[in-house]
Amino acid sequence: MKHRLEIDGLRAVAVIPVILFHANIDLFQGGFVGVDIFFVISGFLITRIILSEIYQSSFSIIHFYERRARRILPAFFVVLIFSTFFAWFLLPPIEFKDYGQSLFFASFFSSNIFFWIESGYFGVGTDLKPLIHTWSLGVEEQFYIIFPLLAILIYTIHKKLVFPIIFLLFFISLYISHIYSAPSSDIFLKEGAFFLLPTRAWELLLGSILFLTYNNAFIVSNDKVNNALSFFGLILIFYSIFFFSKNTPSPSLVSLIPTVGAAFVIIFSLKGTITHFFLTQKPIIVIGLISYSAYLWHQPLMALSRYYFISDLDALKIIFIVLITFLAAYLSWRFIEQPFRDRERVSRKTVLIFSVLGCLIFGAVGASIHFNDGFHSRYNSDQLKLLSFHKYDQRDKLYRERVCFLKGDQDEGSFADICKTGPILIWGDSHAASLSYGMSSLKKITQFTSSGCPPMLNNEIFTRPHCQGINQYVFKYINEYKPKAVFLNANWLKYKSIEPLTLTLDALSKENPTVEFFVLGGLPQWLPSLPSTMLRANVLLDGQETYIENKVFDKVKMKDGSISEIVKQLNKKNVRFISLLDLLCNSNSCLTQTKHSQIEPIAFDYGHLTGSGSIKVSSLIFNNVNLEQSDV
């Protein structure tokens with residue numbers, strides 16, 4: 001089968017949205033489906049290589065792995081060298097140790113397993129992981145190990161069994177991926193479905209089915225049909241890119257939209273169709289040819305840039321990084337990928353030695369970074385004192401974790417009686433829990449907080465199945481016990497929609513006219529963390545009330561504006577909005593440290609308060625609302 005330029009074009013359609021998704025461009029919130037499209041393409045091309053040679057009795061497993069090594073490893077190793085070099089200078093110990101772990105697993109194409117266990121793909125901080133994107137390489141390489149052996153085994157038993165067995169495996173994989181990705185599924189299983197081969201194999205096997213269908217001429221050629229279905233395939237792909245989001249169960253039956261779209265393009269975009277014309281335009285072909293290198297380069301450049309600028313990336317920086325990505329991709333394709341694929345220039349022996357040694361060396365480097373705790377020796381004692389807050393061991397105690405601050409596996413019945421000790425109630429997620437210690441140090445409070453669960457009624461969060469029950473419980477508690485004041489707080493920036501807050505405040509105020517409700521705006525947030533930001537700004541723990549420019553200020557402020565507008569529109573006498581940014585920041589520079597019994601940064605990570613930070617913020621809040629001590 002001859003080389004098909006339209007498949008190169010389809011690669012471009014896949015890689016561009018992935019890059020823009022990792023750049024956090026809202027329009028491309030479903031850009032992660034580019035990886036699904038890559039899987040279909042890979043399954044199609046790899047099956048074509050393997051089965052064509054098996055049918056001709058010319059397949060060699062060594063030759064197959066040699067070609068995979070030539071195709072994948074040289075550019076991959078160069079990107080790892082680049083990432084590790086700059087990570088050494090930019091990443092503080094805890095982040096560098098995490099990087100070392102990901103480097104170790106990426107070296108042996110198992111980072112999909114590592115990221116499944118460690119963080120998930122859509123969690124907080126994944127934007128700062130230079131190698132998060134290597135999970136897909138892990139899935140593909142694991143498939144490349146298993147599939148050729150399986151194909152040989154099936155063909156040896158009987159040639160006619162190849163298609164039905166692949167078809168059966170496709171449906172089994174699709175079924176379990178849909179079950180484990182369901183909103184009601186355990187979060188650990190959902191993340192496993194996203195990252196692991198058994199639940200991703202169907203996308204690659206869909207490509208295999210395409211080859212078997214294509215190869216056996218099951219599709220009747222018809223120009224009008226080809227034109228309509230290939231164009232429809234593009235529509236399915238673009239629909240997924242623009243309308244899917246991190247809340248879309250993936251992979252699942254819904255993932256058939258982009259993958260079937262890719263399948264239609266592969267099967268029906270023959271010469272003469274609109275889709276073929278679009279995909280074979282020279283700029284698109286060029287991007288498709290360098291798409292593998294572009295995929296490798298984009299995430300390290302994005303993540304390390306976020307560390308360097310201590311912030312998310314504005315439009316100008318994104319444009320610059322995307323241009324650098326494609327420049328690096330072209331150079332990588334031209335001077336690394338192409339030479340290594342030339343057997344006359346690089347022998348099989350050289351490739352195999354290079355591959356084995358490369359994996360072992362990078363694996364050893366990753367292990368060394370891990371076992372040396374991110375090489376603390378790069379920093380002096382004062383810097384290490386500041387960075388030690390990354391391992392803040394007081395959190396569980398201060399937040400009263402699993403007692404008054406519930407985790408995702410706990411329901412409302414897990415709140416202990418000691419949580420209900422005062423006429424002032426704090427309600428919300430982990431950010432509210434981080435305020436609870438300071439509030440309880442100053443006044444008697446009742447604490448109802450739960451991880452990832454904002455104080456909004458009728459707000460379904462797939463990753464927190466008990467959240468609605470917890471919020472209904474708190475709502476009923478307020479109606480029954482009528483506390484003097486209720487403070488609602490959350491990491492509002494984390495939640496795309498805050499519309500349920502309107503109904504929540506309206507119901508609370510109507511049913512409890514004697515209760516004062518205070519909606520607290522977002523806490524200042526720091527990327528990747530406040531200690532790391534202070535280190536980059538050369539601000540150490542000295543007890544001085546130092547202010548540093550906060551790069552996320554505008555985003556938090558914008559969300560606060562939406563909340564403030566909700567409160568304003570309700571126009572209830574007993575509902576008030578309080579901006580924490582106004583209390584903690586001067587313009588867009590925010591307080592970084594305080595002293596309450598001991599000197600500590602305000603937050604130990606991107607936004608969760610330390611003990612001293614919690615007391616400081618709580619005192620500012622209480623001074624602002626003027627609650628009488630005698631009443632509380």
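What you see below is based on every heavy atom in this structure, not just the backbone, and it leaves out hydrogens, waters and symmetry mates.
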Pair Arg343 + Glu66, salt bridge at N-O below 4.0 Å:
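A salt bridge links Arg343 with Glu66.
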
Assess the pair [X] and [Y]: is the distance between their ring centroids shorter than 6.0 Å?
X	Y	answer
Phe195	Phe114	no
His133	His298	yes
Trp116	Phe188	yes
Phe39	Phe143	no

Report, as yes or no, whether the 6.0 Å neighbourhood of atom CZ on Phe77 holds more than 12 heavy atoms from other residues, nucleotides or ligands.
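It does: Phe77 CZ has more than 12 such atoms within range.
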
A quick test of your reading: do over 12 heavy atoms of other residues, nucleotides or ligands sit less than 6.0 Å from CZ of Phe231?
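Not more than 12 within 6.0 Å, no.
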
Mind checking whether Phe238 and Phe278 have parallel, tilted or perpendicular rings, split at 30° and 60°?
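Ring orientation of Phe238 relative to Phe278: perpendicular.
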
Check against ring pair (Phe, Tyr, Trp, His ring centres under 6.0 Å), Tyr175 and Phe171
CA-CA 6 Å; Tyr175 173 77; Phe171 275 106; over 10 Å; no

Minimum-distance pair of heavy atoms, taken over all atoms of Asn112 and Leu197:
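Residues Asn112 and Leu197, closest heavy atoms: ND2-N, 4.3 Å.
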
Under 3.5 Å, side-chain donor or acceptor atoms of residues 79-97 against the rest of the protein: list the pairs with distances, not counting sequence neighbours.
residue : atom : partner : partner atom : Å
Ser83   : OG   : Val79   : O            : 2.9
Thr84   : OG1  : Leu80   : O            : 2.7
Thr84   : OG1  : Tyr99   : OH           : 2.8
Lys97   : NZ   : Asp373  : OD1          : 2.9

Go through Asn226 and His276 one step at a time and tell me if the side-chain hydrogen bond (donor to acceptor under 3.5 Å, both in side chains) criterion holds.
CA-CA 10 Å; Asn226 290 338; His276 183 278; over 6 Å; no

For residues Tyr144 and Ile46, determine if any side-chain heavy atom of one lies less than 4.5 Å from a side-chain heavy atom of the other.
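In contact.
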
Do the non-hydrogen side-chain atoms of Trp202 and Pro251 ever get within less than 4.5 Å of each other?
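Yes, side chains in contact.
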
Working for side-chain hydrogen bond (donor to acceptor under 3.5 Å, both in side chains), residues His390 and Ser532
CA-CA 9 Å; His390 282 143; Ser532 294; 3.2 Å; yes

So, Ser230 and Thr275: side-chain donor and acceptor under 3.5 Å apart, yes or no?
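Yes, a side-chain donor-acceptor pair sits under 3.5 Å.
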
Under 3.5 Å, is there a donor-acceptor pair between the Tyr295 and Ser136 side chains?
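Short answer, yes.
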
Under the side chain to side chain donor-acceptor pair (under 3.5 Å) definition, can you give me all pairs with a residue in residues 330-342, not counting sequence neighbours?
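Matches after skipping sequence neighbours: Arg71-Glu337, Ser293-Ser332, Ser293-Glu337, Trp333-Gln338.
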
Find out whether the Lys NZ or Arg CZ of Lys317 is both under 6.0 angstrom from the six-membered ring centre of Phe309 and within 45° of the ring's axis.
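Checked: cation-pi criterion met.
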
Sequence neighbours left out, what pairs pass salt bridge (Lys or Arg N to Asp or Glu O under 4.0 Å) with at least one residue falling in residues 19-45?
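For residues 19-45, and leaving out neighbouring residues, the salt bridge (Lys or Arg N to Asp or Glu O under 4.0 Å) pairs sorted by first residue read Asp36-Arg200.
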
